2 protein chains.
Amino acid sequence: MTQSLLDVALNRWAQRTQLPAEDLAALRALPFTRRVVERDGFIIREGERPTSCSMLLSGSAFRQKVVHNGARQIISFHFPGEFMDLQSCLLAANDHGVQALGACELAVVPKSVLTDLIEQRPALARAMWFDTLVEGAIFREWVVNVGRRNARAKIAHLLCELAVRLDESASDDKIYRLPLTQEHIADATGMTAVHTNRTIQGLRQEGLISLAQGRLVIHDWNALRSIGDFNDLYLHRSGPSTEAA
Amino acid sequence: MTQSLLDVALNRWAQRTQLPAEDLAALRALPFTRRVVERDGFIIREGERPTSCSMLLSGSAFRQKVVHNGARQIISFHFPGEFMDLQSCLLAANDHGVQALGACELAVVPKSVLTDLIEQRPALARAMWFDTLVEGAIFREWVVNVGRRNARAKIAHLLCELAVRLDESASDDKIYRLPLTQEHIADATGMTAVHTNRTIQGLRQEGLISLAQGRLVIHDWNALRSIGDFNDLYLHRSGPSTEAA
DNA sequence: CGAGCATTTGAGTCTCCTCAACCCGGGTGG
DNA sequence: CCACCCGGGTTGAGGAGACTCAAATGCTCG
């Protein structure tokens, strides 16, 4: 069961990064151990030195930093088939924390085992580099989102990103399960929970979305996309550039 | 003259990423061509497909995205010895633009030449991956900065980062030359130019900084650091993790 | 059925924005 | 050599979006 979850997750990652089959096989052969983290539990702690690297198998998670006055900023969300801490392969200390959004299963491998494999397999290194480039592109878009959009657009944009990353089906009335509270949305968009609440109510009353009890429904994708000024180019869904040129 | 600028820039990058000498030599041997960009000129255009990769030799530059209503968000600043578009090696399209802050000199190399070299030299791939990991860490901190700090703290934090990246000398009264307008600072912190102006005046009147005509002086580093809630961990100045573990 | 968390509501406030005008120094051209 | 122009900086007044504080409501789970 867990083994099959691992396969699914690794396959998803390999497909996204266009990792060759033999490198995927090598990755799959690593001595992963299973780890379960409950809701709100820490997956990675800020300030510590990383010793392992983990892939999310089920559940969801988010990166965060806290500022001096105690306020929290969420920096990204993560879903099954994503590495949580590729940066730990090369960075000496964790500059931020990662927490479970809902209960999570992780496949953990010692950092040194992974770095050894990377040295042997250039295609794997390339796939990981691609992964962190895409992550960087998402961070850039988040800077824009929290910096230059109003409340409505911030939330609309965030929901669009989550929807695209969770599912590429283009049908209307997309439905997603996400144990996301309004406080999470507030911390991800740089707003307060109260104002987030009022803004979401606005979107609901216009019939654009439903959002309650961990269930997000997007009723009018085009409208939401337009309100959120959303363009999915930055997600680089089409994979790494393959031009030989 | 230009050749020596290139050497200085490559050396700086190699030192930061701890690139072995022989890989640096291989990098230096690439057929770079020189390019000059005037103030505010585009170095990389959003939406285009990258065909080359460039290192900044002199001057300074910034990444930016514009949102639907025309507002601009600056996402990062760049200085000599930094690659401007490592992401172009693997991403198919530019999801943002890069502009010259002041007049710039660049060393440009075709993307394919660089990617060929990367395939031959794992240590170079590793150094580039490290570079983009650090860039990602900076983006994360920027999300926090624009999302969860007030005007004073935003500007103080930005100036602290620029100071550390421009110079690691620990002396008080650090002086920096930067062709930075208040509008740039506004766009980098997600504020308006008017409010940026008033906030800077506040910092000036308290004797913390001088900032005029492209000259930034930090009179009280500790105070500025404290106001900006600045901790340089995220800049990962100590280079890639070297543990074999 | 109560505990605890998430959501909702209200009222008052403040930070930051908008718009508009003015200043200032440096470069240019008559 | 002075007048003008222009980009950047500064100032003022008014407004609005978002925040704070506080309390009430509603869900879900023991």
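Reckoned from all heavy atoms, side chains included, excluding hydrogens, waters and symmetry mates. As the structure is a computational prediction, the values presented were derived from the model and not from experiment. Throughout, a chain's letter reflects where its sequence line sits, starting with A, and its residues are numbered from 1.
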What is the distance from [atom1] of [X] to [atom2] of [N], rounded to the nearest Å?
X	N	atom1	atom2	answer
B:Leu203	D:dT10	CG	C1'	16 Å
A:Leu180	C:dC5	CG	C1'	15 Å
A:Leu178	C:dA6	CG	C1'	16 Å
A:Leu211	C:dT8	CG	C1'	14 Å
B:Arg39	C:dG27	CZ	P	12 Å
B:Gln201	C:dC24	CD	C1'	14 Å
A:Arg215	D:dT28	CZ	C1'	17 Å

Do you see a donor-acceptor pair shorter than 3.5 Å between the side chains of [X] and [Y]?
X	Y	result
A:Gln182	A:Asn197	yes
A:Asn145	A:Glu141	no
A:Ser60	A:His78	no
A:Thr181	A:His184	yes
A:Ser58	A:Glu105	yes

> Looking at B:Arg237 and B:Asp232, does any basic side-chain N land under 4.0 Å from a carboxylate oxygen?
Replying inline: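 B:Asp232 and B:Arg237: not salt-bridged.
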> the helix from C:dC1-D:dG30 to C:dG30-D:dC1: angle between its terminal axes, five pairs each, to 10°?
Replying inline: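 That helix has its two terminal axes inclined by roughly 30°.
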> Choosing from D:dT10, C:dA6, C:dT8, which nucleotide comes nearest the side chain of B:Arg204?
Replying inline: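 Closest of the options to the side chain of B:Arg204: D:dT10.
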>> Under 4.0 Å from OP1 or OP2 of D:dT10: is there any side-chain N or O of B:Asn197 that close?
In response: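 Answer is yes, contact under 4.0 Å.
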> Using a cut-off of less than 4.0 Å, is there contact between a side-chain N or O of B:Gln182 and OP1 or OP2 of D:dG7?
Replying inline: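 No.
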> How many angstroms lie between CG in B:Leu5 and CG in B:Leu57, if you round to the nearest 0.5 Å?
Replying inline: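 Here the interatomic distance stands at 6.0 Å.
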> Which distance, rounded to the nearest 0.5 Å, do you find between the CZ of B:Arg49 and the CG of B:Leu91?
Replying inline: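 Interatomic distance, B:Arg49 CZ to B:Leu91 CG, rounded to 0.5 Å: 11.0 Å.
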> Just by protein heavy atoms under 4.0 Å, how would nucleotides 16-22 of chain C read 5' to 3' in B, S and -?
Replying inline: SSBB---
> Within the structure shown, what part of the strands sits under 4.0 Å from B:Gln213 by heavy-atom distance: base, sugar-phosphate, or nothing?
Replying inline: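 Touches nothing.
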> Parallel, tilted or perpendicular for A:Phe230 and A:His157, by the 30°/60° rule?
Replying inline: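 Judged by the thresholds at 30° and 60°, the geometry between A:Phe230 and A:His157 is perpendicular.
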